[in-house]
Amino acid sequence: MSEFRNLIDPSDFSVDELYGLIADAQAIISSPDDFKHTADGKILASLFYEPSTRTKFSFDAAMLRLGGQVIGFSDPTTSSTAKGETIADSAKTVSQYADIIVVRHPKEGTAKLMSKYADCPVINAGDGGHQHPTQTLTDLLTIMNCKGRLDNLTVGVCGDLKFGRTIHSLVTCLSRFENIKFVFISPEELSMPGYVKETIAKRNIEFTETSDLESSIPKLDILYMSRVQRERFVSEEEYLRLKDVFILTADKMKLAKPDMIVMHPLPRVNEIATEVDSDPRAKYFEQVRYGMFIRMALIKKLLNL
Ligand code: NCD
């Protein structure tokens, strides 16, 4: 067992700790200058074995805004992985240089494996189609700031529920809050994995599964859209058949409650028409901004600063 606190899965934090992180992020948002030397002298290693825009940049920006520094790569062919180094050896090595590691990898379980060998805290920035806990922290802060609560919500998640790691993390995490109901909207081929459904069923969470976006919209407080995860398909033909099954348009938004919010972890491909961006209920770019502040709070927590 690692002697460090890591974030591999959202359940690594208790509900109280999640509220604590949100409160910390809100304090940072209201007076960012108070935190600009919080991580002075600390180094974050950012190891991206898979493409990223938001997650990588928001971690880098978060560490720099806390006064720390960042090393790392976003192209694994430039690291010793290309020579055949194991994840265990990379973890042991990098943690000799850095105080905290952020890792994204196409293979499920890699962040957990790294945390077993690293001499510093490890944060999972996405492991294959499994989990993406820091996107979930971003989502929680967005929901709190836009809806004022994390409980008593009907949440629709739409798109690629099979491979969408942001969805797996968000759904299992939100199921720990009071009176959450889910509507899972996907084609049958991309439905929610059994392990996620089992976890929430154990918590007596109500959920329905449908392939009808339009009839689901009116009952939702939150609509969480997601991209069909092309890189995780075995067959390109199957991807092409499923990629555009759901497209949220301004017309469909007319069916939604006046205070429903639309979220998306981004990147967007076709699943939200750009005409929706000007709807005040579209929160996905605001969500991007919250990602940096919650990651500042997370780094601060894991480094005990
Ligand atoms: C997500 C991811 O990488 O899982 N992006 C992100 O981190 N915001 C979603 C996606 O790629 O579809």
Side-chain angles (χ1 to χ4, degrees), residues 7-10 25 44 46-63 72-76 102-112 122-143 155-174 184-187 190 192-193 196 222-233 239 242-248 261-272 277 282-296 298-299:
L7 177 60
I8 307 301
D9 184 293
L44 176 145
S46 146
L47 313 182
F48 277 72
Y49 295 85
E50 237 193 13
S52 170
T53 304
R54 274 148 295 271
T55 307
K56 174 156 178 23
F57 283 139
S58 69
F59 264 115
D60 292 359
M63 191 55 168
F73 58 79
S74 49
D75 176 4
V102 175
V103 59
R104 167 172 287 188
H105 199 281
K107 205 160 163 213
E108 288 78 6
T110 301
K112 185 163 189 165
V122 172
I123 298 173
N124 180 8
D127 62 327
H130 187 218
Q131 297 278 343
H132 192 342
T134 66
Q135 181 64 47
T136 298
L137 299 181
T138 302
D139 299 341
L140 295 184
L141 179 61
T142 308
I143 296 171
V155 183
V157 286
C158 175
D160 187 345
L161 312 189
K162 180 178 179 190
F163 296 117
R165 57 192 175 194
T166 62
I167 303 240
H168 306 154
S169 286
L170 179 65
V171 167
T172 48
C173 185
L174 267 183
F184 297 150
I185 309 155
S186 76
L190 298 179
M192 192 65 93
V196 177
I222 297 172
L223 172 58
Y224 196 97
M225 295 296 293
S226 68
R227 163 182 81 90
V228 176
Q229 307 276 300
R230 180 180 203 157
E231 66 278 30
R232 316 228 186 271
F233 277 68
Y239 166 74
L242 295 170
K243 74 184 176 68
D244 290 330
V245 277
F246 299 115
I247 301 181
L248 184 65
I261 61 166
V262 183
M263 297 171 65
H264 191 309
L266 303 180
R268 145 175 71 183
V269 185
N270 275 333
E271 57 283 352
I272 303 181
D277 298 359
K283 300 294 184 192
Y284 27 93
F285 290 111
E286 208 173 310
Q287 198 178 343
V288 170
R289 191 174 131 74
Y290 291 135
M292 180 180 71
F293 293 112
I294 199 81
R295 288 180 174 102
M296 289 171 79
L298 175 66
I299 293 167

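Note that ligands are numbered from 1 as they come in the structure, with each ligand's atoms numbered from 1 the same way.
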> Of all heavy-atom pairs between His264 and Leu266, which one has the smallest distance, and what is that distance?
Replying inline: ND1-N, 2.7 Å
> Near ligand 1, which protein residues have a heavy atom under 4.0 Å away?
Replying inline: Thr55, Arg104, His132, Gln135, Arg165, Thr166, Arg227, Gln229, Pro265, Leu266, Pro267
> Under 3.5 Å, is there a donor-acceptor pair linking the side chains of Asp139 and Gln135?
Replying inline: yes
>> Tell me whether Glu231 is salt-bridged to Arg165, with the criterion being a basic N under 4.0 Å from an acidic carboxylate O.
In response: no
> Is there side-chain contact between Thr53 and Pro267, with at least one heavy-atom pair below 4.5 Å?
Replying inline: no
> Does the side chain of His132 pick up a donor-acceptor pair with the side chain of Arg104 at under 3.5 Å?
Replying inline: yes
> Does Phe246 have any ring-ring contact (aromatic ring centres under 6.0 Å, His included) partners at least two apart in sequence or in another chain, and if so, which?
Replying inline: none
